[in-house]
S.K.: 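The structure is given below, and queries will be raised subsequently.
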Amino acid sequence: MFRTHTCGELRAADSGKEVTLSGWIQTIRKFGSITFIDLRDRYGITQLVLDETLTEAIEKQNAGREWVIQAKGMVRERSNKNPNILTGDIEIAVSEFKVLNKSAVPPFTIVDDTDGGDDLRMKYRYLDLRRSPLKKNLELRFAINRAARNYLSDKNFIEVETPYLISSTPEGARDFIVPSRLNAHEFYALPQSPQTFKQLLMVSGFDRYFQIVKCFRDEDLRADRQPEFTQIDCEMSFVEQEDVLNTFEGLIKSILKEVKGIEIQGAIPRMSFADAMKDYGNDKPDTRFGMLVKNLKTQHTVHLQTLNESTFDVFNKAETVLAISVPGAAEYSRKQTDELIEWVKRPQIGMGGLAFIKYNQDGSCKSSFDKFFTPDQLTTFAEFCGSEKGDLILILAGKEERTRKAISELRLLMGERLGLRDPEKFNLLWVTDFPLFEYDEEDNRWVARHHPFTSPKPEDVQAMIENSPVITDKENYLQHPYASIKANAYDMVMNGNEIGGGSIRIYQKDLQQKMFAALGIGEEEAQQKFGFLLGAFEYGAPPHGGIAFGLDRVCSILGGSDSIRDFIAFPKNNNGRDMMIDAPGPVAEKQLKELNIKLA
RNA sequence: GGAUCGGUAGUUCAGUUGGUUAGAAUGCUGCCCUGUCACGGCAGAGGUCGCGAGUUCGAGUCUCGUCCGGUCCGCCA
């Protein structure tokens, strides 16, 4: 027996007990003939005290940080208690100890606030995971996992595993490809999600399915994106959108309650895609704060006329003019406004500039374009923007899409600066009524906004069946009937992050074929790639729909971090490399030959 | 595919206008220390300034290229 207790559990009440602990040496503090050792394991840190004899013994062995030792001794209450650790009231008066394993000096300190840089910690991830913050993150992930499993199990969902070696499909992200040795010149693909399999399970009658499952997408990475990531993947039969939303509101509420002790009261608010774009410039609004986007070029307002009467071409000639009113920022200095202007001019934002109006406390307005408008007109702007005295109104003008994206980013930046994005506040939102299709300029065709299995709203089905997907007038693709078809799709948004998304699926063969056709997938290709699904739809497919949550992202938000890597035991860097095992790497010539692969 | 920031001691960083022997903190090693818990004190070791060219009397510093890492845009149904 290596231990009778862990390093996190002994308290003053245990005084007098003879115990054995095993763990890693966190630090050694030596005072001549007495030595203190902080012994660490997964559960905590306990102080060991070594007398003169044992101090000599451990010195002889040159024991240091991260050595693994076993210590036997008596628990005793400390004279100097340490309130910073849970076991701070006691210490172990060691009677004997044993070195279980030596350790090299670690390349960085194994403490909460480590001195190690990112790449070093990635390379020695197994050491980084000894640190308490990382350990807590993995524990949080497990708690979320467990809460999800419990909730879904209680609701009669069945967890079913689906294959990882599947076939490549058109549409969507780039696939990871796996060569098949037994089938020369053929390849598997790793699943971007278990989408079609879960639909087939619905056809099989498993009317409530879930799976906590790895998905793979070979696209460029970000702090919140890994090539392999985990979804809580769910599907239900005999449901409408309302049923799905209700069921999974329950899931996220249950997770928040179990993991953070937060009870969300009432239904999760809903917002249409159109309103989200209009009010936030974004399909995943951060609703922790207001600062809504106002369109100064809206028809039917006096403001358009004001604009047109002036000679301010920056506004007049722009496709759109969008503004936000930043509370209490009228005091911004020239330096601060200049800095914002530079910020919007960065290539990633790409605006030509930024106009602003300071709505001063005394009711006067001072703008960066004073000479084009009368003070009254500026005040009218401010009122239209819903500004209070003391606000700073930031205005961007330019091309529709770029300006919308820019004002959205600017809003988030200002929200951040004003401290309105509290990481301990969790705001949930359903975004609904997404368009079914998006226009792909490059190929002049329609692509699925969600995926090709998403059903159109019932009232839009007719428009899809009756009209050809062909776009004749590229300039005015928005006039095409497909542009206004709405999808039975929904996203769950938390604090400005999409944490889940799903849809009611197509379950009729004809409509699914029409969908493939709309996306430019020919009959032959559809048969070859999705024949199994179309076949299944011939044998009594029930109406069904579902959702998938991004587990990594949920973890990072609940854990108050911007990076999902902190919540993945062995993550990859932004080039998709595992810096610890140094993958990917080359393979032996023999392996390639077996696979019939010749490298270019 | 593009933008941007970084790479100097084991580690985290500083390094002035291009100028003599490249510094600090921490870690490491040795000695001292009986109540520390970020222990303390003294001493010491530790550097291919990512790599390669170039400019220059002289490059950690300037230029070009390249590799590696971070963040972002495109991309991610």
Side-chain angles (χ1 to χ4, degrees), chain A residues 26-40 45-52 55 59 62 64-66 76 78-85 87-88 91 93 104-124 127 169-175 192-193 195-196 215-227 229 343 345-350 402 405-406 409 434-438 440-442 446-454 487 489 491 498 501-503 515-516 519 521 548 550 562-563 565 573-577 579 582:
Chain A
Q26 170 100 7
T27 53
I28 300 180
R29 291 180 297 278
K30 219 186 79 190
F31 290 81
S33 53
I34 186 173
T35 299
F36 299 101
I37 293 177
D38 285 347
L39 193 70
R40 182 191 67 236
I45 287 175
T46 299
Q47 175 166 290
L48 310 178
V49 188
L50 276 60
D51 64 14
E52 195 163 358
T55 293
E59 251 179 52
N62 283 316
R65 287 161 50 208
E66 302 309 317
R76 73 178 177 214
R78 293 204 209 175
S79 47
N80 290 351
K81 294 187 169 47
N82 181 353
N84 299 320
I85 57 174
T87 63
E91 64 192 4
V105 175
F108 53 88
T109 53
I110 316 287
V111 293
D112 288 8
D113 201 6
T114 182
D115 60 1
D118 286 342
D119 41 347
L120 202 64
R121 283 166 43 214
M122 284 299 176
K123 189 174 172 193
Y124 298 91
L127 295 181
T169 53
E171 296 289 298
R174 201 174 286 117
D175 287 318
Q192 296 176 27
S193 83
Q195 182 59 34
T196 49
C215 303
F216 306 87
R217 292 175 195 176
D218 188 8
E219 295 292 347
D220 287 3
L221 308 174
R222 292 284 187 281
D224 66 346
R225 235 192 273 160
Q226 287 269 296
F229 58 99
W343 189 85
K345 283 176 156 176
R346 291 180 319 146
Q348 282 88 341
I349 302 293
R402 174 175 290 184
K405 281 185 179 170
E409 291 299 321
F434 284 90
L436 186 63
F437 297 107
E438 260 176 353
D440 180 335
E441 208 169 339
E442 207 173 310
W446 300 106
V447 294
R449 183 177 171 97
H450 187 51
H451 58 46
F453 316 106
T454 298
D491 279 356
E498 181 197 328
S503 62
M515 185 66 179
F516 287 143
L519 300 172
I521 301 172
D562 288 331
S563 175
R565 286 178 206 158
N573 75 1
N574 61 354
N575 288 319
R577 292 202 76 84
M579 296 179 60
D582 197 25

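From a predicted model like this one, the values you see are computed outputs, not experimental measurements. First the proteins, then the strands, lettered A, B, ... as listed; each starts at 1.
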S.K.: Go ahead and name the base partner of B:rA59; Watson-Crick or wobble counts if both distances stay under 3.5 Å, otherwise write none.
M.R.: none
S.K.: Report yes or no: is there a donor-acceptor pair, N or O only, under 3.5 Å between the side chain of A:Q348 and the base of B:rC72?
M.R.: yes
S.K.: Under the 3.5 Å rule, do the base of B:rG74 and the side chain of A:R222 count as making a donor-acceptor pair?
M.R.: yes
S.K.: Could you tell me whether A:D51 contacts a base, only the sugar-phosphate backbone, or nothing, with contacts defined as non-hydrogen atoms closer than 4.0 Å?
M.R.: nothing
S.K.: Determine whether the aromatic ring of A:F31 stacks with the base of B:rU34, defined as ring centroids separated by less than 5.5 Å and ring planes inclined by less than 30°.
M.R.: no
S.K.: Among B:rC37, B:rG35, B:rG27, which nucleotide has an atom closest to any side-chain atom of A:T109?
M.R.: B:rG27
S.K.: Would you tell me if any nitrogen or oxygen in the side chain of A:R565 comes within less than 4.0 Å of OP1 or OP2 on B:rU71?
M.R.: yes
S.K.: Are A:Q47 and A:I85 side-chain neighbours, meaning at least one heavy-atom pair lies under 4.5 Å?
M.R.: no
S.K.: Considering only B:rU36, B:rG1, B:rG10, which nucleotide approaches the side chain of A:D220 most closely?
M.R.: B:rG1
S.K.: Heavy atoms under 4.0 Å, any strand shown: does A:K123 hit a base, just sugar-phosphate, or nothing?
M.R.: nothing
S.K.: Answer yes when A:R29 and A:D38 have at least one side-chain N-carboxylate O distance shorter than 4.0 Å, and no when they do not.
M.R.: yes
S.K.: Does any N or O donor sit under 3.5 Å from an N or O acceptor when you compare the side chain of A:E52 with the base of B:rU34?
M.R.: no
S.K.: Take atom P in B:rC31 and the same atom in B:rC67, then report the distance between them in whole Å.
M.R.: 49 Å
S.K.: Among B:rC76, B:rG70, B:rC72, find the nucleotide with the atom closest to the side chain of A:N574.
M.R.: B:rG70
S.K.: Ignoring backbone atoms, test whether A:K30 places a side-chain nitrogen or oxygen under 4.0 Å from the OP1 or OP2 oxygen of B:rC37.
M.R.: no
S.K.: Below 4.0 angstrom from OP1 or OP2 of B:rU36, is there any side-chain N or O of A:N82?
M.R.: no
S.K.: Would you say that A:R65 contacts A:T109 through its side chain, given a criterion of any heavy-atom pair below 4.5 Å between the two side chains?
M.R.: yes
S.K.: If we call it a pair only when both distances are under 3.5 Å in a Watson-Crick or G-U wobble match, what pairs with B:rU66?
M.R.: B:rG50
S.K.: Quick one: look up who B:rU71 pairs with, Watson-Crick or G-U, both distances under 3.5 Å, and put none if it's unpaired.
M.R.: B:rA3
S.K.: Classify the nucleic acid contact of A:R65 as base, sugar-phosphate or nothing, counting any heavy atom under 4.0 Å across all strands shown.
M.R.: sugar-phosphate
S.K.: Identify which nucleotide among B:rC76, B:rG74, B:rG30 has an atom closest to any side-chain atom of A:R217, counting heavy atoms from C-beta outward.
M.R.: B:rC76
S.K.: Return the pairing partner of B:rU11 with a 3.5 Å limit on both distances, Watson-Crick or G-U wobble; otherwise return none.
M.R.: B:rA25
S.K.: Using OP1 and OP2 only, check whether a side-chain N or O of A:R29 sits under 4.0 Å from B:rU36.
M.R.: no
S.K.: Under 4.0 Å, counting only non-hydrogen atoms across every strand here, what does A:E438 touch: a base, just sugar-phosphate, or nothing?
M.R.: nothing
